[in-house]
Amino acid sequence: MANLKEVKERINSVVSTQQITKAMKMVSAAKLRRAQDKIVQMRPYSQKLTNILNNVSAASEGAADIVFAEKRDVKKVLIVPVTSDKGLCGAFNTNVIKATNAAITKQFAGKEITILPLGRKAYETFKKREFAVINDFYQVFSDVSFDNVKAASEFAMKGFLAGDFDQVVLVFNEFKNVATQIIRTEQFLPMAKDEAAEVEKTAETDYIMEPSRTYIIEELVPTSLKIQFYKAVLESNASEHGARMTAMDKATENAGELLKELRLMYNRTRQAAITNEILEIVAGANALG
């Protein structure tokens, strides 16, 4: 059985750890509220912008005249794994890495892979491997703003237009609630043909366009793509704080359970030490008698 000093040191260590996990949980809760507000406000805007684009493109020739919807033989793929900069958030980062590896080995086996990591954890993981890694945007979470994220989305879009990539895929955690994050592997480019466009096309809605339908499509498509990219980053940001809050809450509970066991051990060890001392005193008294 451990001595009293060792048990006491372990108790103090666990108490200190529990204080840290409690503080991290509170910080994540505050950050989660702000991140959740951003993504909740972004979703209706993104959906409405997509609907407008579908309405406009469906009334024309659809995706045929949209350069970002060009279908090609997939030989070169850009994968964008979205992780966090820090750990202590459960399986949040691990799930993204696993989903990215699964896409590489199964969906894109034999293709030329380029990685555009968003988040330090993704960058540190893939820079050790044989893939080409774009290291210009992995610090995006130091300041999650549309301007910073737009630079990464423009890089992917320009690479697609230039023929550097035949397909661009996003891998990220979609925020559902504090305890649940859903891994998504979504095709970013070429644009997928939306079923909603077909529905709108059958409605034969006639719009008056100013200055022109072509100009509006050319303006809407890049904007819609950048918003879609930004939305994925916001989803991941909210998911990160939700995952960390849940992990720290569980860690605090586990620390509490461990403290109960250690304090019970401490009391038993102290009682055993007192009993031994009493026995020694009684034995000494009997020897003198």
Side-chain angles (χ1 to χ4, degrees), residues 35 37-74 76-80 82 114 116 118 134 136-137 140-141 143-172 174-175 184-238:
D37 288 343
K38 285 184 179 180
I39 189 59
V40 168
Q41 294 170 11
M42 171 59 71
R43 282 171 177 168
Y45 176 76
S46 176
Q47 292 170 358
K48 190 64 178 177
L49 184 62
T50 301
N51 289 339
I52 293 173
L53 178 62
N54 288 338
N55 290 339
V56 173
S57 62
S60 61
E61 296 181 1
D65 55 349
I66 300 176
V67 292
F68 290 106
E70 179 186 352
K71 303 289 185 180
R72 310 171 186 164
D73 291 335
V74 179
K76 294 175 286 187
V77 180
L78 177 68
I79 301 180
V80 186
V82 187
T114 302
L116 174 60
L118 298 183
I134 309 299
D136 297 333
F137 309 103
V140 67
F141 286 104
D143 180 16
V144 183
S145 64
F146 180 73
D147 288 337
N148 286 340
V149 177
K150 181 176 70 171
S153 62
E154 287 176 344
F155 174 86
M157 292 162 65
K158 289 177 181 177
F160 179 80
L161 291 181
D164 297 333
F165 316 116
D166 300 318
Q167 190 170 348
V168 181
V169 177
L170 302 176
V171 184
F172 62 97
E174 181 183 19
F175 179 78
R184 298 293 187 193
T185 302
E186 292 186 355
Q187 178 175 309
F188 179 63
L189 292 172
M191 294 173 59
K193 190 174 182 181
D194 201 311
E195 294 180 1
E198 293 297 324
V199 174
E200 295 293 336
K201 193 170 183 177
T202 58
E204 296 182 356
T205 305
D206 188 20
Y207 291 93
I208 299 175
M209 302 295 175
E210 178 66 31
S212 69
R213 187 184 306 277
T214 301
Y215 178 82
I216 290 175
I217 290 178
E218 289 176 353
E219 290 294 315
L220 273 181
V221 170
T223 302
S224 177
L225 288 172
K226 292 171 187 176
I227 292 297
Q228 179 186 347
F229 199 98
Y230 183 50
K231 177 175 171 288
V233 173
L234 291 183
E235 293 275 6
S236 182
N237 189 41

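What you are looking at is a predicted structure, and each value in this text was computed from that prediction instead of being measured.
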Side chain to side chain contact (heavy atoms under 4.5 Å, CB included) evaluation trace for Met42 with Ile227: CA-CA 9 Å; Met42 171 59 71; Ile227 292 297; 3.9 Å; yes

Does Thr114 offer a backbone N or O that forms a donor-acceptor pair with the side chain of Lys76 under 3.5 Å? no

Taking Leu220's backbone N and O only, do any of them form a donor-acceptor pair with Ser224's side chain (distance below 3.5 Å, no angle check)? no

Would you mind reporting whether Ser46 and Tyr230 have side-chain heavy atoms less than 4.5 Å apart? no

Tell me the closest heavy-atom pair linking Ala232 and Leu170, and the distance in Å. CB-CD1, 4.0 Å

Over all atoms of both residues, closest heavy-atom pair of Pro222 and Phe68: CG-CE1, 4.1 Å

How far does CZ of Phe137 sit from CG of Leu118, to the nearest 0.5 angstrom? 9.0 Å

Rounded to the nearest 0.5 Å, what separation is found between the CZ atom of Phe175 and the CG atom of Asn237? 10.5 Å

d(Ser236 OG, Arg184 CZ) to nearest 0.5 Å is 13.5 Å

With a 4.5 Å cut-off on side-chain heavy atoms, are Asp147 and Lys150 touching? yes

Where does the angle between the aromatic ring planes of Phe155 and Phe165 fall among parallel (under 30°), tilted (30 to 60°) and perpendicular (over 60°)? tilted

Yes or no on side chain to side chain contact (heavy atoms under 4.5 Å, CB included) for Asp73 and Asp166, after CA distance, side-chain angles and deciding distance? CA-CA 7 Å; Asp73 291 335; Asp166 300 318; over 6 Å; no

Return the minimal non-hydrogen interatomic distance between Glu174 and Arg43, and the atom names on each side. CG-NH2, 4.5 Å

Mind checking ring pair (Phe, Tyr, Trp, His ring centres under 6.0 Å) for Tyr45 and listing every partner two or more places apart, or none if nothing turns up? none

Write out all pairs satisfying salt bridge (Lys or Arg N to Asp or Glu O under 4.0 Å) with one or both partners inside residues 221-233, taking only residues at least two apart or from two chains. Glu154-Lys226, Lys231-Glu235

For Asp143, I'd like to know if atom CG has over 12 heavy atoms of other residues, nucleotides or ligands within 6.0 Å. yes

Do the side chains of Val80 and Phe229 get nearer than 4.5 Å, heavy atoms only? yes

Tell me the closest heavy-atom pair linking Ala69 and Pro190, and the distance in Å. C-CB, 3.9 Å

Looking only at non-hydrogen atoms, find the nearest pair between Phe188 and Ala156 and report the distance. CE2-CB, 4.4 Å

Taking the side chain as every heavy atom from C-beta outward, state whether Phe146 and Leu234 have any pair of such atoms under 4.5 Å apart. no

